[in-house]
Amino acid sequence: MPVYNCENYIGASIQSILNQTFENFELIIINDGSIDNTERIIKNFNDDRIKYFYQPNSGVAKSLNKGLELAKGDYIRRHDADDISVPNALEKQISFMQSHPEFPLIGNAISFMTENGKIAPKFRNPTKQFFGSNYFIEVNNNNYWEQRPIIHATVLAKKIVFEEAGGYRISFPTAEDIDLWLRILEKHSVAIINEVNYFVRLHRTSNTQVHGIQNEFYRNLAFKFFQERKICGTDPIIRGEKIPTPPSITNKKTPKAQPGRVFRSDILNYKYKIFLNAKDWKLVLQSIKISLKDGWKLKRTWNAILFPLLGDRLVNTGVKIKSITRR
């Protein structure tokens, strides 16, 4: 578990691991230079399975590699410091891997939860459609990019697989996991299990939110390097070359929007629907208030607020009635 300034959530995250029905593990926590109360909260736990290490801030990839270096077990399980695992997550994963030795790496589906810990069961990744009626799907380098179904924080893998791949590459400040999976998939197939064993917390300081602008750039770069290795066997990092960096957006001038005509896609396209499904009414009302403040003059804003609030069945009924009255 790498952690940086996660005082609001790390206690619940650690407790979810200590509550596992499979108990034979060590929990290696790498504090990557936190300056809040993270360290105090970690040290309040009294459990011999916790192995705590502090380092100056070095980034996620270096923290993960440090954890791999320190780990003594045959298996590695990654966990984020703001998320929650269900109590039997480890037990089920270990059992699956032992009965399917052909897969040296496995993962599960996840559901999202709000910063207040309310779960949105409808929002899964990978989706139910991805699995169909299958209990698990085999993923290889031919079908990985369709949905990118390997969720970093659900991965259980043999330690030797990480070592063979050379661990995480620090040239990737984000999407370091995707770069690693693509290198592992060059040699192995992996399995993704059709069960939710992990809840990803959405909040403003999560890594996904902070690195949102860079994420897609480095995901695409990882895939570009993967394609390059397929053709010539190496990529710029292997060759010791300088890799591209994301284009700067700080100097780009954006046209000033008129008051009331800003559509808050960052809220309404996805997060608002998660808040509704989780019945986190505090965040629902907060989202509506912000979205209307910025975009109250836009029909699009009102539709994006009302349609999910009314529900699919009521909206579809309204559409049918409207189409009948037009005839």
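Here the structure is a predicted model, which means the values were calculated and not measured.
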**Q** Could you walk me through whether K122 and K273 pass side-chain contact (heavy atoms from CB on, under 4.5 Å), step by step?
**A** CA-CA 10 Å; K122 182 180 176 181; K273 297 171 186 176; over 6 Å; no
**Q** Counting heavy atoms not belonging to K128, are there more than 12 under 6.0 Å from its NZ?
**A**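 No - once you tally the heavy atoms of other residues, nucleotides and ligands closer than 6.0 Å, there are 12 at most.
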**Q** If you take all heavy atoms of I151 and P126, which pair is closest and at what distance?
**A** CG1-CD, 4.4 Å
**Q** Is the shortest side-chain heavy-atom distance between F307 and W302 below 4.5 Å?
**A**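 They are not in side-chain contact.
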**Q** Step by step, work out the side-chain contact (heavy atoms from CB on, under 4.5 Å) result for R239 and C232.
**A** CA-CA 11 Å; R239 296 192 297 268; C232 60; 4.1 Å; yes
**Q** Say whether I192 and L182 are linked into one hydrophobic cluster, either directly or through other cluster members, by side-chain heavy-atom distances under 4.5 angstrom.
**A** yes
**Q** Could you check whether any side-chain heavy atom of Y270 comes within less than 4.5 Å of a side-chain heavy atom of F112, counting everything from C-beta outward?
**A**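 Yes, close enough: below the 4.5 Å cut-off.
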**Q** Look at E195 together with K92 and state whether they make a salt bridge at an N to O cut-off of under 4.0 Å.
**A**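 Salt bridge: yes.
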**Q** Nearest heavy-atom pair of V190 and I150: which atoms, and what distance?
**A** CG2-CD1, 3.8 Å
**Q** Can you see which heavy atom on I237 is nearest to which on S171, and at what distance?
**A** CD1-CB, 3.7 Å
**Q** Can we say E176 and K62 salt-bridge, meaning some charged N sits less than 4.0 Å from an Asp/Glu carboxylate O?
**A**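 Judged by the 4.0 Å cut-off on N to carboxylate O distance, E176 and K62 do not form a salt bridge.
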**Q** Rounded to the nearest 0.5 Å, what separates atom CD1 in I178 from atom CG in L185?
**A**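 With rounding to 0.5 Å, CD1 (I178) is 11.5 Å from CG (L185).
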**Q** Looking at R229 and D235, is there a salt bridge between them, counting it only when a charged N and a carboxylate O are closer than 4.0 Å?
**A** yes
**Q** Quick one: does any side-chain atom of E7 pair with a main-chain N or O of N37 as donor and acceptor, under 3.5 Å?
**A**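 Indeed, once roles are kept as given, a pair shorter than 3.5 Å links the two residues.
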**Q** Under a 4.0 Å threshold between the charged nitrogen and the carboxylate oxygen, would R169 count as salt-bridged to D179?
**A**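 Salt bridge flag = yes for R169 with D179.
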**Q** If the test is side-chain contact (heavy atoms from CB on, under 4.5 Å), which one of I42, I14, N31, I30 qualifies with M1?
**A** I14
**Q** Under a 3.5 Å distance rule, please check whether S63 uses its side chain to pair with a backbone N or O of G59 as donor and acceptor.
**A**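 Checked: pair present.
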**Q** Could you report the tightest heavy-atom contact between S16 and H79, atom names first, then the distance?
**A** OG-NE2, 4.0 Å
**Q** Is a side-chain N or O of Q55 found less than 3.5 angstrom from the main chain of G33, in a donor-acceptor match?
**A**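 Not a single qualifying donor-acceptor pair exists.
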**Q** Quick one: do I160 and Y168 end up in the same hydrophobic cluster if we chain Ile, Leu, Val, Met, Phe, Trp and Tyr together by side-chain heavy atoms under 4.5 Å apart?
**A** yes
**Q** Calculate, to the nearest 0.5 Å, the distance between atoms CG and CG belonging to L202 and D83 respectively.
**A**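 The CG atom of D83 is 9.0 Å from CG of L202, to the nearest 0.5 Å.
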**Q** Taking the side chain as every heavy atom from C-beta outward, state whether Q258 and K297 have any atom pair closer than 4.5 Å.
**A** no
**Q** Indicate yes or no: at least one non-hydrogen side-chain atom of Y272 is less than 4.5 angstrom from one of L309.
**A** yes
**Q** Do E186 and R183 meet the salt-bridge criterion of a basic N to acidic O distance under 4.0 Å?
**A** no
**Q** Donor-acceptor check, side chain of N143 to backbone of N140, threshold 3.5 angstrom: yes or no?
**A** yes
**Q** Between Y198 and N108, is the side-chain contact (heavy atoms from CB on, under 4.5 Å) condition met? List the steps.
**A** CA-CA 8 Å; Y198 191 91; N108 279 73; over 6 Å; no
**Q** Between Q20 (side chain only) and V86 (backbone N and O only), is there a donor and an acceptor less than 3.5 Å apart?
**A** yes
**Q** Quick check against the 3.5 Å criterion: does S95 have a side-chain atom that pairs as donor or acceptor with the backbone of E91?
**A**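 Pair absent, no side-chain N/O of S95 close to backbone of E91.
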**Q** Following the transitive rule for hydrophobic clusters with a side-chain heavy-atom cut-off under 4.5 Å over Ile, Leu, Val, Met, Phe, Trp and Tyr, establish whether I288 and W281 coincide in one cluster.
**A**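 Looking at the clustering, W281 is in the same group as I288.
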**Q** Using side-chain heavy atoms (C-beta onward) and a distance below 4.5 Å, is N194 in contact with R124?
**A** yes
**Q** How long is the straight-line distance from NZ of K289 back to CD1 of I305, given to the nearest 0.5 Å?
**A** 13.5 Å
**Q** Rounded at 0.5 Å granularity, tell me how far CD1 in I119 sits from CZ in R201.
**A** 9.5 Å
**Q** Sequence neighbours left out, what pairs pass side-chain hydrogen bond (donor to acceptor under 3.5 Å, both in side chains) with at least one residue falling in residues 65-78?
**A**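 Only R77-Q93, R78-D80, R78-H152 qualify under side-chain hydrogen bond (donor to acceptor under 3.5 Å, both in side chains).
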**Q** Indicate yes or no: at least one non-hydrogen side-chain atom of F263 is less than 4.5 angstrom from one of L268.
**A**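 Counting from C-beta outward, F263 and L268 do come under 4.5 Å.
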**Q** Do P236 and K242 have side-chain heavy atoms sitting under 4.5 Å apart?
**A**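 No, every pair of side-chain atoms sits at 4.5 Å or beyond.
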**Q** Would you check if L285 and L283 make a side-chain contact, meaning some heavy-atom pair closer than 4.5 Å?
**A**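 In short, these two side chains do not touch, never coming nearer than 4.5 Å.
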**Q** In Å, rounded to the nearest 0.5 Å, how long is the span from OG1 of T301 to CG of L306?
**A** 10.5 Å
**Q** Could you please spell out the steps behind the side-chain contact (heavy atoms from CB on, under 4.5 Å) verdict for M113 and I84?
**A** CA-CA 9 Å; M113 66 179 174; I84 300 290; 3.4 Å; yes
**Q** If you look at every heavy atom in K159 and G73, which pair is closest and at what distance?
**A** CD-O, 3.6 Å
**Q** Does the ring centre of F45 sit less than 6.0 Å away from the ring centre of Y52?
**A**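 Distance test on ring centres: not under 6.0 Å, no.
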**Q** Going by distance alone, is a donor N or O of one side chain under 3.5 Å from an acceptor N or O of the other, for E138 and S189?
**A**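 S189 and E138 do have a side-chain donor-acceptor pair below 3.5 Å.
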**Q** Does T38 use its side chain to pair, donor to acceptor, with the backbone of D36 at less than 3.5 Å?
**A**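 Flag not set: sc T38 to bb D36 has no pair under 3.5 Å.
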**Q** State yes or no: do Y4 and Y54 share one hydrophobic cluster built from I, L, V, M, F, W and Y residues joined by side-chain heavy-atom distances below 4.5 Å, directly or via other members?
**A** no
**Q** Does the ring center of F223 lie less than 6.0 Å from the ring center of W145?
**A**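 Close enough - the centres of the two rings lie under 6.0 Å apart.
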**Q** Which residue is it: F131, F130, F103? I am looking for the one with a ring-ring contact (aromatic ring centres under 6.0 Å, His included) to F136.
**A**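 One option only clears the test, and that one is F103.
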**Q** Hey, what do you get for CD1 (I184) to CZ (F162), rounding to the nearest 0.5 Å?
**A**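 One gets 5.5 Å once the value is rounded to the nearest 0.5 Å.
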**Q** For the residue pair T154 and A109, what are the closest heavy atoms and their distance?
**A**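 Residues T154 and A109, closest heavy atoms: CG2-O, 4.4 Å.
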**Q** Looking at E102 and K158, does any basic side-chain N land under 4.0 Å from a carboxylate oxygen?
**A**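 So E102 does not pair with K158 through a salt bridge.
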**Q** Transitively linked via ILVMFWY side-chain contacts under 4.5 Å: I50 with I41?
**A** yes
**Q** CG of N24: more than 12 outside heavy atoms within 6.0 angstrom?
**A**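 Incorrect, the count does not exceed 12.
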